[in-house]
Protein chains: 2
Amino acid sequence: MAHNEIPYKIYLTESEMPTYWYNLRADMKNKPAPLLNPGTHQPMTAAELSGVFCDELVQQELDNDTREYPVPQEILDFYKMYRPSPLVRAYCLEKKLGTPAKIYYKFEGNNTSGSHKLNSAIAQAYYAKKQGLKGVTTETGAGQWGTALSMACAYFELDCKVYMVKVSYEQKPFRREVMRVYGASVTPSPSMTTQVGQKILAEHPGTTGSLGCAISEAVEVAVSNPGYRYVLGSVLNQVLLHQSVIGMETKIAMDKYGIKPDTIIGCAGGGSNLGGLIAPFMGEKLRGEADYDFIAVEPASCPSFTRGVYAYDFCDTGMVCPLAKMYTLGSDFIPAPNHAGGLRYHGMSPILSQLYDDKLMRAVSVPQTKVFEAAETFARTEGILPAPESSHAICAAIDEALKCKETGEEKTILFGLTGTGYFDLVAYEKFHDGKMDDYIPTDDELAAFRARLPKI
Amino acid sequence: MAHNEIPYKIYLTESEMPTYWYNLRADMKNKPAPLLNPGTHQPMTAAELSGVFCDELVQQELDNDTREYPVPQEILDFYKMYRPSPLVRAYCLEKKLGTPAKIYYKFEGNNTSGSHKLNSAIAQAYYAKKQGLKGVTTETGAGQWGTALSMACAYFELDCKVYMVKVSYEQKPFRREVMRVYGASVTPSPSMTTQVGQKILAEHPGTTGSLGCAISEAVEVAVSNPGYRYVLGSVLNQVLLHQSVIGMETKIAMDKYGIKPDTIIGCAGGGSNLGGLIAPFMGEKLRGEADYDFIAVEPASCPSFTRGVYAYDFCDTGMVCPLAKMYTLGSDFIPAPNHAGGLRYHGMSPILSQLYDDKLMRAVSVPQTKVFEAAETFARTEGILPAPESSHAICAAIDEALKCKETGEEKTILFGLTGTGYFDLVAYEKFHDGKMDDYIPTDDELAAFRARLPKI
């Protein structure tokens, strides 16, 4: 093992840290398709979007041209509290696998939100504060994004209203409690605090809620309360812009030590992590300066890229948000109840969808028991208990490294370790107790969801 | 705020990291009192101890003279996976408090065990492996130490048998699950797997267990199974030796930037964190090279230093372990059931007890609601959700910083942030729901426990 001058973990110094976000769209020949007004099917205007999102975030959302966005000093100051994140050489995993491949991972879990979500949460909170808003609303499922946003809002002393899917609120109280530490109000959804919530409760009194319903409630509260806007933790162009900090730091660190990845792997739910990690590398590929093999990894139980279609669809099951053109399974698709590994969104970032459609990246899907096996191997060798989401990337990285073992290739593999699994131990318990299976939707099931896509 | 050249977070480079542990006892004029055989009341010999502990750890336990212990390369390699830990300037907390004091904290929570416990767990696992043992046994309450040991044993492929207090096993399943990820076997205590467990269950069929009982089971399994030894996560001299890595890193980082702390604060349960943090600074004080104000912070509900006595006592409630001279509340003392903040050990490290008795450090006790208020202030300003244990140090650091606000003194305050509170959210929930109170034992209660101290 040639440790040489390259440290085990590479931490950039503060002066080496990136000072701008990279807007991948500027280098895309085929731009991502615009969001459409769900009523008129016309592209959403800045004016329309500004009722829901902060003004500067609307501008970022619509901007396909500006290549570099300087990160405001206030956000850089916050980043310093938990960034740079380490880029780690997985020596122990390599040894365990007996692979000639060199494996690196960028670890985003060393903060209380436990994931990369904080990178965009702090940006969105900053622009809300700058606009003089009182607060923001959002939805959360298991609570990862809600936690990140709560931390960001506490920092800027903004009010934070989180609508949390009721079944998670009741069964996973710990992330709810973290949000309370940071002063957020957390409401189980559906609730009586909104008209849409009241309507749903009247129609389905026993419902345990869904992400789509929570989105609808959060949006309603944002648009009906002066001084509030709605924020979202993935999918949107603006979110991928903020998350480019992951890839920027990674690239600076790799360039510093002369490391060039051959394969870059990220898990993909809505696409915020993958889009952020690959951004500067994909930029090089788009500009013809370098080539990389990009791999999106998704659960076999929620296979947007590998078995979805590229079409306009609703972003939420409540169908109140703009339409987005993306790889989608249909907005009412929900993974089987046995699915424990996160990444349950029915669609995919429009930016990543366009890149995938242009064959600039590929995608694989993996069954969840194999994901948890990879997670456990990783934990025991590298010490970090990974989030189930992140473990999809681990799983694909291990597969690639084992291919190198067969061929003898000394590839350099980079993957994004998005977060820790400290709040996912119920899923690990299922895995250990043999109560986890690998239900995969049938073609007929997927066709039924697809048949309900909007006709555009 | 003069950020100047001092980074927000100071990470040592790998070449700057300490390569030896510092044995504070070498510089103590009054050495800590020896462990006594519970039968003969004579000092424990190496031969007696080696049936329970690994040989090299016995040697470390008894060595009051060797000043520096080179850290074996295998342990340095593991340390690189999660160390150096950052030394952070708490700018946001300072601003919130409006204090002229400069506050620094050494953060030990960025690893899956969530605390500093891993520093000694990996050392103890290493020596067990080196001795050719099959595995180790230990007890754990809420699971912090058990988790650290499981990680360390997974790394060296040692068997790890953890006896976990039954009530925690059942009510706090998440740390148990983390231990399973790392391949440890976790047995709820008391159990039918040991004679002492069988006896206790026969006498008290409905018992939910205690730390003392779990210790007795773990020791029995270690001494009755060839190839096994027992390991402990605090109190012992060897543990403080390993934990000196905390203080060594801190001192190197501070020296590098010309920072001299006036006040050094750590929470104190069994003393492993405090002893490790202060070690090199206390060494300077003992050698007359510098002076520092050391503060041990303990819960008002378990006040070993501030209301205990300095006497020989049993280390476990089962009374099978050697006797140690320490500040103690009596070996059958258990904090009130409402106590949620950790640090529930009845005694204190013999090394720290001797230093305290020699008036080389002072101690304060704090009520738990105030501790959780400090924890929440810290989380909201510095971003990290702290462990309740660590929050005792935060609480005292805030008190010291507020005194500086009154006097105008620009003191430099250093405290140890031992870990994260991700598995302590039931306690935070109690705090938020107003279900936490501050029961403090009465003088009569403490006198009753004290009356049962062994007569030596």
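Owing to the predicted nature of the structure, the values given are computational and were not obtained by experimental measurement.
Rounding to the nearest 0.5 angstrom, the gap separating the NZ atom in A:Lys80 from the OH atom in B:Tyr91 is 8.5 Å. The distance from the SG atom of A:Cys92 to the CG atom of B:Asp77 is 8.0 Å, given to the nearest 0.5 Å. Rounding to the nearest 0.5 angstrom, the gap separating the CZ atom in B:Phe423 from the CZ atom in A:Phe423 is 7.0 Å. For the atom pair OH of A:Tyr82 and OH of B:Tyr8, the computed distance is 12.0 Å after rounding to the nearest 0.5 Å.
For B:Arg380 (side chain) and A:Tyr155 (main-chain N/O), no donor-acceptor pair under 3.5 Å exists by modelled atom type. Formation of a donor-acceptor pair under 3.5 Å by the B:Tyr11 side chain with backbone atoms of A:Thr13 is not found in this model.
Among A:Val178, A:Asn110, A:Leu385, A:Val181, the residue with the largest count of heavy-atom pairs under 4.5 Å with chain B is A:Val181. With chain B as partner, the option from A:Ala154, A:Ala152, A:Gly383 having the largest number of non-hydrogen pairs under 4.5 angstrom is A:Gly383. By number of non-hydrogen pairs under 4.5 angstrom with chain B, the leading residue of A:Glu376, A:His432, A:Glu157 is A:His432. The candidate from B:Asp433, B:Val88, B:Asn111 with the greatest count of non-hydrogen atom pairs under 4.5 Å with chain A is B:Asp433. For chain A, the option among B:Arg175, B:Arg176, B:Arg180 with the highest count of heavy-atom pairs below 4.5 Å is B:Arg180.
A:Tyr422 and B:Thr112 form a side-chain donor-acceptor contact under 3.5 Å, judged by distance and modelled atom types alone.
For chain A, the nearby part of B:Lys96 is the side chain; its heavy atoms alone come within less than 4.5 Å. Looking at B:Phe372, there are no atoms closer than 4.5 Å to chain A (heavy atoms on both sides), in backbone or side chain. At a 4.5 Å heavy-atom cutoff, the contact between B:Thr381 and chain A is made by backbone atoms alone. Proximity to chain A (any heavy atom under 4.5 Å) is restricted, for B:Met151, to the side chain, taken from C-beta onward.
Taking the centre of each ring, B:Phe174 and A:Tyr428 stay at or above the 6.0 Å mark.
Of the charged side-chain nitrogens involved, none lies within less than 4.0 Å of a carboxylate oxygen, so that A:Lys9 and B:Glu14 do not count as a salt-bridged pair.
Heavy atoms of other residues, nucleotides or ligands lying less than 6.0 angstrom from CD of B:Glu16 number more than 12.
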